[in-house]
Visitor: 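Provided herewith is a single structure, encoded as structure tokens, for subsequent inquiry.
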Number of protein chains: 2
Amino acid sequence: MIALKQPVPSNCGDCPIRNRAVCAHCDHDELVALEEIKYYRSFEAGQTIIWSGDKMNFVGSVVSGIATLTQTMEDGRTQMVGLLLPSDFVGRPGRDGAAYDVVATTDIVMCCFRKAPFEELMSKTPHIAHRLLQMTLDELDAAREWMLVLGRKTAREKIASLLSIIARRDASLAATTSGGGKVFDLPLTREAMADYLGLTLETVSRQMSALKKDGVILLEGKRHVTIPDMQRLLEEAGDDSDGGFLT
Amino acid sequence: MIALKQPVPSNCGDCPIRNRAVCAHCDHDELVALEEIKYYRSFEAGQTIIWSGDKMNFVGSVVSGIATLTQTMEDGRTQMVGLLLPSDFVGRPGRDGAAYDVVATTDIVMCCFRKAPFEELMSKTPHIAHRLLQMTLDELDAAREWMLVLGRKTAREKIASLLSIIARRDASLAATTSGGGKVFDLPLTREAMADYLGLTLETVSRQMSALKKDGVILLEGKRHVTIPDMQRLLEEAGDDSDGGFLT
DNA sequence: GGAATGCTTTGACCCAGATCAATTGAGACA
DNA sequence: TGTCTCAATTGATCTGGGTCAAAGCATTCC
């Protein structure tokens, strides 16, 4: 895959994640202060952005593209513990070492801040700290939702859950809605899906085929997914018919 | 079980969780402001403190005792998503509805604050907001650690992981260390352990028996556990020999 | 075109953990 | 002392998803 030079916002006003990232609630002055310490970094699909255990000297937001957060055991078993979509925050103020590997799944652009000045700024601008708390609480909810998926759902339900999450999150930014159905490209390989779901890639493949055979999803090629009936997918995921998920 | 009237700290200075709860970094004035809106509530073992979906009109900290956070699917499958020990925070500033059931596992005392005044106070006292962010980030790390346990560990490793977490957390407050070994009472039934680990209670029982037979743990009665060799337990849990866990 | 590479699908078989069922043990209570 | 209840153990059997193995299908690169 050719890594094209990716577009970068020229200023915060144009930024596609201006209203959802850690800077969402900042007023003009705060934004100016942030602009002073920010810089953009691009990574190609497949690149590791941060190695677990590394000293982190920056934090930042995903501007475009997708990254994953993964944990690995000594014997090689891996579990994805986070899926980072545009506007998601990376890094942990107040801690030096990275706890997880962060890997770019697609080409990705990040808006980074050196850690020390960001922490300094955070202590002075309550809007940033408050927004970060909100986002962290949301992530905690998502992580707990995922614990239910990992601990109690069947393979078929797991796949349906993942698809419905991607459809929902994708919908909130780049929704292609065609006649009631949702259409998107899977940003993950079968192996990455398996790592997210605590399954093997073979089981993922089998369940994808089964959902296709049963008409729950349509597949063109390996990645292009159409969901003709979102409600049906949610039922397959074992979720409340009226949306067990939070927002 | 007889629910004895439980002791309640007479003021924040005496409070056993003064240095670890959400109020940990508060200075004198902030503490006075908190004291004004705080009140204690006690619950007996088995009582549900909060029902998922309920309107939450308070937040608070666990002072003594243990509670669990659980999610339930329509068909009754349940997954525990949090274990609340003394100093842990309950409730979510900025959201009205409770997302999970909170159940007292032992008799428990909570230090509660009405939600609106607490949120008001939080916006004025950065120490509280900052501490809450720290605690939420810690919980997020714990949740992600747990995702690895749920997604990739064997039943035996899961049990060993749970025991080592309880031993560690218990150690930090009420450690009974006898000659290098750790001793504690399990605060959970086999069923609660199963709900935490995404297993059935039968499997939990079998693996407990197996760990006992292999000398990894000693059991007196059903709940009293001795861990003669913590290092050995960590190996059984599949963790890094030098502590894959954070903190 | 042909070979190499990487992702994906599919099949055959197996096993860890679930399910179903019976039993044990420890209070609580009358 | 017996019986009720509720947690826990243990056994027998079943099965969903893992493991191992072999193709299938695009892309890219000679």
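Order of the sequence lines fixes the chain letters, A, B, ..., with proteins taken first and strands second; residue numbering starts at 1 for each chain. Since the model is a prediction, treat every value here as computed from it, not as a measurement.
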Visitor: Starting from C1' on C:dG17, measure out to CE on B:Met193 and report it in whole angstrom.
Guide: 16 Å
Visitor: Could you give the CG-to-P distance, from B:Leu197 to C:dG17, as a whole number of Å?
Guide: 12 Å
Visitor: Looking at A:His224, A:Lys222, A:Arg223, which one forms a side-chain hydrogen bond (donor to acceptor under 3.5 Å, both in side chains) with A:Asp185?
Guide: A:His224
Visitor: Is the NZ or CZ atom of A:Arg41 positioned over A:Phe58's six-membered ring, under 6.0 angstrom from the centre and within 45° of the axis?
Guide: yes
Visitor: Quick one: B:Leu186 CG to D:dT9 P, roughly how many Å, whole number?
Guide: 10 Å
Visitor: Using a strict 4.0 Å threshold on nitrogen-to-oxygen distance, state whether A:Glu157 and B:Arg77 make a salt bridge.
Guide: yes
Visitor: Between atom NZ in B:Lys213 and atom P in D:dT10, what is the gap in whole Å?
Guide: 11 Å
Visitor: Excluding sequence neighbours, so at least two apart, what forms ring-ring contact (aromatic ring centres under 6.0 Å, His included) with B:Phe89?
Guide: B:Phe118
Visitor: What is the distance, rounded to the nearest whole Å, between atom CG of B:Asp195 and atom P of D:dA8?
Guide: 12 Å
Visitor: Could you check whether A:Asp138 pairs with B:Arg92 (Lys NZ or Arg NE/NH1/NH2 to Asp/Glu carboxylate O, under 4.0 Å)?
Guide: yes
Visitor: Are B:Pro9 and B:Pro16 side-chain neighbours, meaning at least one heavy-atom pair lies under 4.5 Å?
Guide: yes
Visitor: Could you write out each protein N or O paired with an N or O of nucleotides 8-11 of chain C at a distance under 3.5 Å?
Guide:
{"from": "C:dT8", "atom 1": "OP1", "to": "A:Arg223", "atom 2": "NE", "distance (Å)": "3.2"}
{"from": "C:dT8", "atom 1": "OP2", "to": "A:Arg190", "atom 2": "N", "distance (Å)": "2.8"}
{"from": "C:dT9", "atom 1": "OP1", "to": "A:Arg190", "atom 2": "NH2", "distance (Å)": "3.1"}
{"from": "C:dT9", "atom 1": "OP2", "to": "A:Arg190", "atom 2": "NE", "distance (Å)": "2.7"}
{"from": "C:dT9", "atom 1": "OP2", "to": "A:Ser205", "atom 2": "OG", "distance (Å)": "2.7"}
{"from": "C:dT9", "atom 1": "O5'", "to": "A:Ser205", "atom 2": "OG", "distance (Å)": "3.1"}
{"from": "C:dT10", "atom 1": "OP2", "to": "A:Ser209", "atom 2": "OG", "distance (Å)": "2.8"}
{"from": "C:dG11", "atom 1": "N7", "to": "A:Arg206", "atom 2": "NH1", "distance (Å)": "2.9"}
{"from": "C:dG11", "atom 1": "O6", "to": "A:Arg206", "atom 2": "NH2", "distance (Å)": "3.3"}

Visitor: Using a cut-off of 4.0 Å on non-hydrogen atoms, how would the nucleic acid contact of A:Gly46 be classed: base, sugar-phosphate, or nothing?
Guide: nothing
Visitor: Rounded to whole angstroms, how far apart are CD1 on B:Ile159 and P on D:dT9?
Guide: 10 Å
Visitor: If you only use heavy atoms from C-beta on, which nucleotide in C:dT19, D:dG17, C:dG17 is closest to the side chain of A:Ala155?
Guide: D:dG17
Visitor: Taking NE2 from B:His224 and P from D:dA8, how many angstroms apart are they, rounded to a whole number?
Guide: 16 Å
Visitor: For B:Asp75 and C:dT19, give me the distance from atom CG to atom P, rounded to whole Å.
Guide: 11 Å
